[in-house]
Amino acid sequence: MNEHKKIGLFGFGTVGQGFYENLKKHPQLAASIDKVCVKRIDLPRIGHELYFTDDPNELLLDPALDIIIELIDDAEAAKQYVHTALRNGKCVISANKKMIAESLKQIDQWHNQFETTFLYEAAVGGGIPIVHTVDGFLRDQEVLKIRGILNGSSNYILTQMQLHQWSFEKALNDAQMKGFAERNPTLDISGVDASYKLSILAYHAFGEVFSMSSFSSESIENITKETIKKAKSQGKKIKPVATIERTEKGIVCTVKPEAVGPDDELYSIDFENNAISVETLISGKHIAAGKGAGSLPTGSAVLEDLKRLLSSYSYQVSKAIKTVA
Ligand code: HSE
């Protein structure tokens, strides 16, 4: 891909605007936003120079567009747009963890079936470059375990409750105001959002598609002042921890609040930060940390995917893929 590429962007919310702001800082890139499809065309918004439409077909059926970037929160519509765009020979970038996690079997087929590229770094860990690291750098390694904080909102809520004795409601409200939480924050606090992200990482790390029912998740809503006090008296902090591990009984996947001590790499990961440790047989534990939610960090991951597309990068997904019931 050398000549200038035209982008059709679906969605101009928290992540869409973050991507737009990041892209503006890189005028040297051989790509620009040509059209933006939004649900409500009448809303006042930034990006006055952009062309907005509320008709998805204006993007999907436009042969002049080379790249579709899908940043909406409706997983069903997102899947339809992504599939149509790939079928029409366009390269696609998405940040829709729910859609990706729930469609991994099909996405696995799409990776093989279509000549075009589909990337989704921003779906996991906000600005942390973890999907392509696991897919590429660790592709020839046997991964034993992935453990981390994969939801910025729940980490932010627990941090504020522990540091400043905020109530759960006040902390959640603030996480929503700052653009960390989903439109439906139940997904964040119940552990489901982190389960989506874990299943995407597991697909690349283990070469297996896990059904969402194999993930057991526990909400942070049940964390009380007493739980926090008890953990503090032991020198610990409560963190929303997501783990997937090979055990003798098979793969175990959990997302739950855990009390972690200062010797744990997750202890100092506060506020909306995420951290992911990937344990491999040969090279041990690899740890990545950074901002896991928010407009600019997540938008920067979309921009990084765009740069990868422009340099003809694709996922390897090279481990033998099998489906686990
Ligand atoms: N709601 C998500 C979170 C946004 O809080 O982590 C980033 O995926």
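Both ligands and their constituent atoms are indexed starting at 1 by order of listing. All figures in this text were calculated on a predicted structure; none of them were measured in a lab.
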Query - Under-4.0 Å heavy-atom contact with ligand 1, by part of N151 that carries it - result: both

Query raised in the report: Can you tell which part of E272 has a heavy atom less than 4.0 Å from ligand 1: side chain, backbone, both or neither?
Result: neither

Query raised in the report: Can N96 and S94 be counted as having a side-chain donor-acceptor contact under 3.5 angstrom?
Result: no

**Report entry** Q141 and S283: side chain donor to acceptor below 3.5 Å
**Finding:** yes

Query raised in the report: G292: heavy atom below 4.0 Å from ligand 1, yes or no?
Result: yes

Would you call the rings of [X] and [Y] parallel, tilted or perpendicular, where under 30° means parallel and over 60° means perpendicular?
X    : Y    : answer
H204 : H111 : perpendicular
F118 : W110 : tilted
F137 : H286 : perpendicular
F10  : Y81  : parallel
H164 : W166 : tilted

Under 4.0 Å from a heavy atom of [X]: which atoms of ligand 1 are those, numbered in the order shown and with their elements?
X    : answer
F180 : 1 (N), 2 (C), 3 (C), 4 (C), 5 (O)
K97  : 2 (C), 4 (C), 7 (C), 8 (O)
E182 : 1 (N), 2 (C), 4 (C)
G152 : 3 (C), 5 (O), 6 (O)
D188 : 1 (N), 2 (C), 3 (C), 5 (O)

Requested in this report: Name the closest protein heavy atom to atom 5 (O) of ligand 1, giving the residue it belongs to and the distance to 0.1 Å.
Outcome: S153 OG, 2.6 Å

Report task. Please indicate whether any nitrogen or oxygen in K197 is less than 3.5 Å from any nitrogen or oxygen in ligand 1. Result -> yes

Query raised in the report: Does any N/O atom on A181 come nearer than 3.5 Å to any N/O atom on ligand 1?
Result: no

Query raised in the report: Can a cation-pi geometry be assigned to R45 and F52, taking NZ or CZ under 6.0 Å from the six-membered ring centre and within 45° of the ring axis?
Result: yes

